[in-house]
Amino acid sequence: MSIDKFYFDILNIAKKQSEEESLQKQIEMIINSEIKKMQPYINSFDGMCKVICFNILDKLRQLEIPANLFNTRDLLGINEHVAIIISYTFEQKVNYILVDPTYDQFVKKSNFILRPFYDRWPSEILKEKDSELFDNLIHNNYARVTNDSFNNYLYSLMGKKAPLFKKIELVQIMTSSKKCLK
């Protein structure tokens, strides 16, 4: 029996949720709520990245959670895909969360053909480079990221232009006056 369970069972004292855990719960609730709102109207979220990300961003901003959209077309000069970066400070360290509720469209499916822009499925590349990030995006629609893991994500989306990839710092997305979205 864990000490937390003991205190809760005996003394009815629950471990206080950290600010970081609370933020992640809020983000999960927002993402899940927006996905549920759209599900009755569409068969798939493929190609719906802008719509769902704008809706999620609006909810994040209502809660005053610092977040920016970015568009891979503007950021990398490749096919358009939109996602969100959230920044927050915890224990005097800036942390980032990548929100991509439509990353599943880049996972190989038996009835889908790989777009000509790609020579491999982006999900296969990301899974090789950062399996934890891949799993979190597929199962949770978001993941904590570092500059390295974020660049693995971007690299996976580069397709045939991968040799031209240049790393990007997360702080650039959060401070960009262009907000990385047209």
Side-chain angles (χ1 to χ4, degrees), residues 17-36 38-39 44-61 63 65-76 78-91 93-109 118 120-159 162 165 167-176 179-181:
Q17 193 175 43
S18 76
E19 288 179 40
E20 185 175 38
E21 291 169 329
S22 177
L23 176 65
Q24 288 181 354
K25 292 268 188 240
Q26 284 181 308
I27 292 166
E28 273 181 39
M29 287 177 16
I30 291 168
I31 293 168
N32 292 335
S33 168
E34 292 306 315
I35 287 172
K36 281 182 184 171
M38 291 180 69
Q39 277 177 332
S44 164
F45 286 101
D46 294 3
M48 297 296 294
C49 57
K50 259 189 193 178
V51 174
I52 196 161
C53 283
F54 270 112
N55 292 344
I56 291 169
L57 182 69
D58 183 51
K59 300 293 184 221
L60 292 169
R61 289 191 172 156
L63 295 174
I65 297 172
N68 275 346
L69 288 168
F70 67 91
N71 187 326
T72 57
R73 181 192 63 214
D74 300 331
L75 200 59
L76 304 169
I78 61 171
N79 284 355
E80 187 168 42
H81 182 65
V82 175
I84 299 169
I85 288 292
I86 297 169
S87 71
Y88 66 97
T89 304
F90 182 68
E91 296 181 350
K93 182 179 183 268
V94 177
N95 298 283
Y96 298 95
I97 294 175
L98 168 64
V99 178
D100 188 348
T102 64
Y103 189 78
D104 186 62
Q105 69 185 305
F106 299 111
V107 175
K108 185 176 183 177
K109 298 172 186 86
Y118 298 106
R120 288 179 64 199
W121 287 94
S123 61
E124 293 172 350
I125 296 167
L126 184 58
K127 195 170 187 176
E128 284 174 11
K129 289 188 154 294
D130 194 329
S131 62
E132 183 179 351
L133 175 58
F134 169 80
D135 289 340
N136 281 322
L137 287 176
I138 296 303
H139 299 294
N140 303 323
N141 300 304
Y142 76 93
R144 280 191 58 185
V145 290
T146 62
N147 281 317
D148 288 339
S149 60
F150 180 65
N151 280 290
N152 288 336
Y153 164 82
L154 293 176
Y155 181 84
S156 78
L157 298 173
M158 288 293 293
F165 180 70
K167 290 186 175 191
I168 294 171
E169 299 288 317
L170 284 158
V171 71
Q172 288 176 268
I173 292 174
M174 293 308 297
T175 59
S176 172
K179 301 299 181 219
C180 302
L181 185 72

Can you give me the closest heavy-atom contact between [X] and [Y], atom names plus distance?
X    : Y    : result
Q105 : K109 : CA-NZ, 3.7 Å
V107 : S123 : CA-OG, 3.2 Å
Y153 : H81  : OH-CD2, 3.5 Å
N71  : R73  : OD1-N, 2.8 Å
I35  : N141 : CD1-ND2, 3.4 Å
C53  : V82  : SG-O, 3.5 Å

Side-chain donor/acceptor of [X] to backbone N/O of [Y], under 3.5 Å:
X    : Y    : answer
D100 : L98  : no
D58  : F54  : no
D130 : L126 : no

Do [X] and [Y] have side chains that get closer than 4.5 Å, going by heavy atoms?
X    : Y    : answer
L75  : I173 : yes
L154 : F70  : yes
V94  : V171 : no
V99  : I30  : no
I85  : F150 : yes
I56  : I31  : yes
Y142 : I84  : no
R144 : Y88  : yes

Practice task
Go through the side-chain N and O atoms of E28 and N140 and say whether any donor and acceptor fall under 3.5 Å apart.
Solution key: no
From [X] atom [atom1] to [Y] atom [atom2], the distance as rounded to the nearest 0.5 Å:
X    : Y    : atom1 : atom2 : answer
D148 : L133 : CG    : CG    : 11.5 Å
L23  : E21  : CG    : CD    : 11.0 Å
K127 : S156 : NZ    : OG    : 13.5 Å
L170 : S149 : CG    : OG    : 7.5 Å
D104 : L137 : CG    : CG    : 10.5 Å
Q26  : K59  : CD    : NZ    : 13.5 Å

Practice task
Assess whether side chain to side chain contact (heavy atoms under 4.5 Å, CB included) is satisfied between L76 and F165, documenting all intermediate values.
Solution key: CA-CA 8 Å; L76 304 169; F165 180 70; 4.1 Å; yes
Practice task
Assign the ring pair F134 / Y103 to parallel, tilted or perpendicular, where the plane angle (0 to 90°) is split at 30° and 60°.
Solution key: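 It falls in the perpendicular class, over 60°.
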Practice task
Report the C-alpha distance between K50 and L69 in whole Å, list the side-chain angles of each, state the deciding distance to 0.1 Å, and finish with yes or no for side chain to side chain contact (heavy atoms under 4.5 Å, CB included).
Solution key: CA-CA 9 Å; K50 259 189 193 178; L69 288 168; over 6 Å; no
Practice task
Determine the sole option in N68, I65, N55 for which the side-chain contact (heavy atoms from CB on, under 4.5 Å) test with L60 is passed.
Solution key: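 Going through the options one by one, the only one that passes is I65.
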